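A quick write-up on the structure given underneath.
Since this is a predicted model, take the numbers as computed values, not measurements. Labels below follow one simple rule: chain letters A, B, ... track the order of the sequence lines, proteins then strands, and each chain is numbered from 1. FYI, side chains are in, hydrogens and waters are out, and symmetry mates aren't considered; it's all heavy atoms of this structure.
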Amino acid sequence: MLAISDLRVEVDGKQILNGLDLEVCPGEIHAIMGPNGSGKSTLANVIAGRDGYDVKGGSIFYMGNNLLDLLPEERARQGIFLAFQYPVEIPGVANIYLLKEAINAIRSSKEEKELDAIDFLSLVRDKLKLLDMKEEFLYRSVNQGFSGGEKKRNEIFQMAMLEPTLAILDETDSGLDIDALKVVSDGVNALRAADRSIILVTHYQRLLNYIVPDYVHVLANGQVIRSGDHSLAAELEESGYSWIGGGGEGKSLGASVG
Amino acid sequence: MVDSSEQIAEEVGKYLSQHQEVASTLPAAGISWVDAHREAASKRFEQLGFPTTRDEQWKYTNVRSIARHAFDLSLNPVDVNPSVINKLTIPNLDAHRLVFTDGIFSPLLSQISDLPKGVTIISLAALLRSDPSRLENKFGEVVGEPINGFNAMNSAFILDGAFIEIESGVKLEKPIELLYVSASTNEQALALPRNIVVLRKQSSATLCERYISVTHSQSLTSSVSEVYIEDNGILHIDRVNEENDKSFNIGALFANVGRNARLKSNSITLGGRLVRNDIVVRLSEDGAETQLDGLYVVNDRQHVDNNTQVLHDHPRTTSREHYKGILSGKARAVFRGHISVKPEAQGADAVQKNNNLLLSPEAEVDTMPQLEIYADDVKCAHGATVGQLEEEAIFYMRSRGIGYAETRQLLTHAFAAEILENLGQSSIKDYIENRINHMMGLS
Ligand SMILES: Nc1ncnc2c1ncn2[C@@H]1O[C@H](COP(=O)(O)OP(=O)(O)OP(=O)(O)O)[C@@H](O)[C@H]1O
Ligand SMILES: [Mg+2]
């Protein structure tokens, strides 16, 4: 589904991704971990098509097509979804309005007809229930005045509405309380499907106990330096990143440094 | 440098001689206080001339093209077919309607039957002819002398406009629509509407003033509205400028707000070559309140200047001011917000905001707060911004599948929404929203 090879990306002349490889097949869940500043969000943003990233080399293929040729909205319409690490506040645009525009833009790009008001509303209600959100959130401006946790939950609500083929969740667990983490994880798990892949960027093993990944990768110095299964996350929880050499800002995340 | 007195004489002369010619035929001519008022204003106009950019209040708004042009006051209204007007009215706005063509009241186009008890709505010219005493002490009371040449020109003629009076305790349900139509095709139509609005104690009303063109000709409208709101009265004025892109509109609103009374004004500028809105609000008794909002959506070479002045003369007076602008093309906007708090106005509370969205690199904004505060127990906050659409928000929306152009339109619309929320009637809000969407290619 997604094939990244030897990806090299600069931001403002500074090399951030430095020959990154990653392959994600349909239905798989990949967790990406790694120290602060190692390039996880950069990778997520490059996949989603954000401006300001210079791709200096390598390639990203998505469903067999060169993703780097597409505009952000085209990528979204082909099923890519990014849950932002820092969701953006948009005063004056109601949540429900954004969703309606988004769904209809995606549908019309597939030459499907727009959802009528009744179908749209019943879909919205279903997904609100899935994420245990109050209806009033629909009518508030996108993320404006939302608490940190509410913003993250809103990202997953949008994901549930848009039903992407490839979802990248950038630290969606950060800022969620224990109960919210459970609700959001259940929401994500409910979206697991044989043809839907998920990339989870996280710092914490806890999330991975709820959403069990097929693979765990460690990103450092702009590369995937280690890959493994679920047990790698537990190992990192123990040992932190101090074992990473080179320019990595080795930083312990665990209580004891191994 | 030009000899300014000579220049003034030349520019003002043509209007003064027209004034001489028609003075004896103006409504209520021969009644001494009316004559005296017109005479004094005409003298004042002669002294002031048209403003120039040397005048601090007009530094960024150049009206030379107005001063040099020979506009001609129309004393006889042009015929406009009612079907033309019907097409231009706001859909679903059930209102008492007064229509003026080039400044002159048109009974045929208006609809002011079925007025509730305690409500007077009449053409000013008609009232000047039938019962001028009702207007005594109603001209120039709020601010005293005309503050600029345009106001003086209006006062020199006092030709026609709307007179509205709401008796004590009467709450007028239906809004009053004042529709000013530039209709002449002679490229020099001059309209000088003069409105007087009196809200007696505990009364309330909503006004919708609209300025529109039905031709592609140039015109000049210089209006003066004087508003008196007595204790606990509530007046809401929505003003919408939508004239053609050759027309000039200079408007002045002078309001006197009484004890615990409230004036809410919303100035929307969409059309016109040059639009200048002066608003002077005197919070003249304890607890008086005003909310001044504005939205300008301008393009090409349009120029809009909102010049507001709030006078906190008494304790516990409150003002809330929020103007927003969306500028494309080579449009230019000026905002000046003057707040003055007298020493005795303890507990005054003023907030002023002006936010501008530049959609083109060639658009320009000059925004100036001016605070003069002489009391110490005062809350006063002001802020101005000039910026572009946020890249972050654009990317966020695109990442949800919404196209770039549509994203920009939605975000621009969202910027305006805050002001539109405050319009007096939902039909007016819907109408303006549609107009803006249309201007921005959204629908
Ligand atoms: N506009 C920019 N200019 C310069 N450096 C940048 C810019 N954007 C990102 N960077 C740098 O790129 C590096 C990678 O950032 P990125 O946000 O991808 O890290 P991350 O792995 O997501 O970190 P975290 O775990 O803290 O979220 C950081 O060192 C960051 O400072
Ligand atoms: Mg990050």
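- Chain A forms more heavy-atom pairs under 4.5 Å with one residue of B/M397, B/E421, B/E391, B/E390 than with any other, namely B/M397.
- The shortest non-hydrogen separation linking A/A102 to B/R400 is CB-O, 3.1 Å.
- Both the backbone and the side chain of B/E392 come within contact range of chain A, each with at least one heavy atom under 4.5 Å from a heavy atom of that chain.
- Ranked by heavy-atom pairs under 4.5 Å with chain B, the list A/S109, A/P87, A/P91, A/P72 is led by A/P72.
- With a 4.5 angstrom heavy-atom cutoff, A/Q158 touches chain B only via side-chain atoms.
- Contact annotation for A/R50: both backbone and side-chain heavy atoms come within less than 4.5 Å of a heavy atom of chain B.
- With sequence neighbours left out, B/R408 forms a salt bridge (Lys or Arg N to Asp or Glu O under 4.0 Å) with no residue at all.
- Side chain of B/R398 to main chain of A/E73: no donor-acceptor pair is present (N/O by atom type, distance under 3.5 Å, no hydrogens or angles).
- Using a 4.5 Å heavy-atom threshold, the side chains of B/I402 and A/L98 count as touching.
- Screening A/I90, A/L82, A/V93 against B/Y396 for a side-chain contact (heavy atoms from CB on, under 4.5 Å) leaves a single residue, A/I90.
- Contacts from residues 123-155 of chain A to chain B, taken as heavy-atom pairs separated by less than 4.5 Å, involve A/V142, A/N143, A/E155 in sequence order.
- Between the OG atom of B/S399 and the CD1 atom of A/I47 there is a distance of 13.0 Å, given to the nearest 0.5 Å.
- Put simply, of A/Y86, A/F81, A/F84, the one with the most heavy-atom pairs under 4.5 Å next to chain B is A/F84.
- For A/I103, no part lies near chain B; criterion is any non-hydrogen pair under 4.5 Å.
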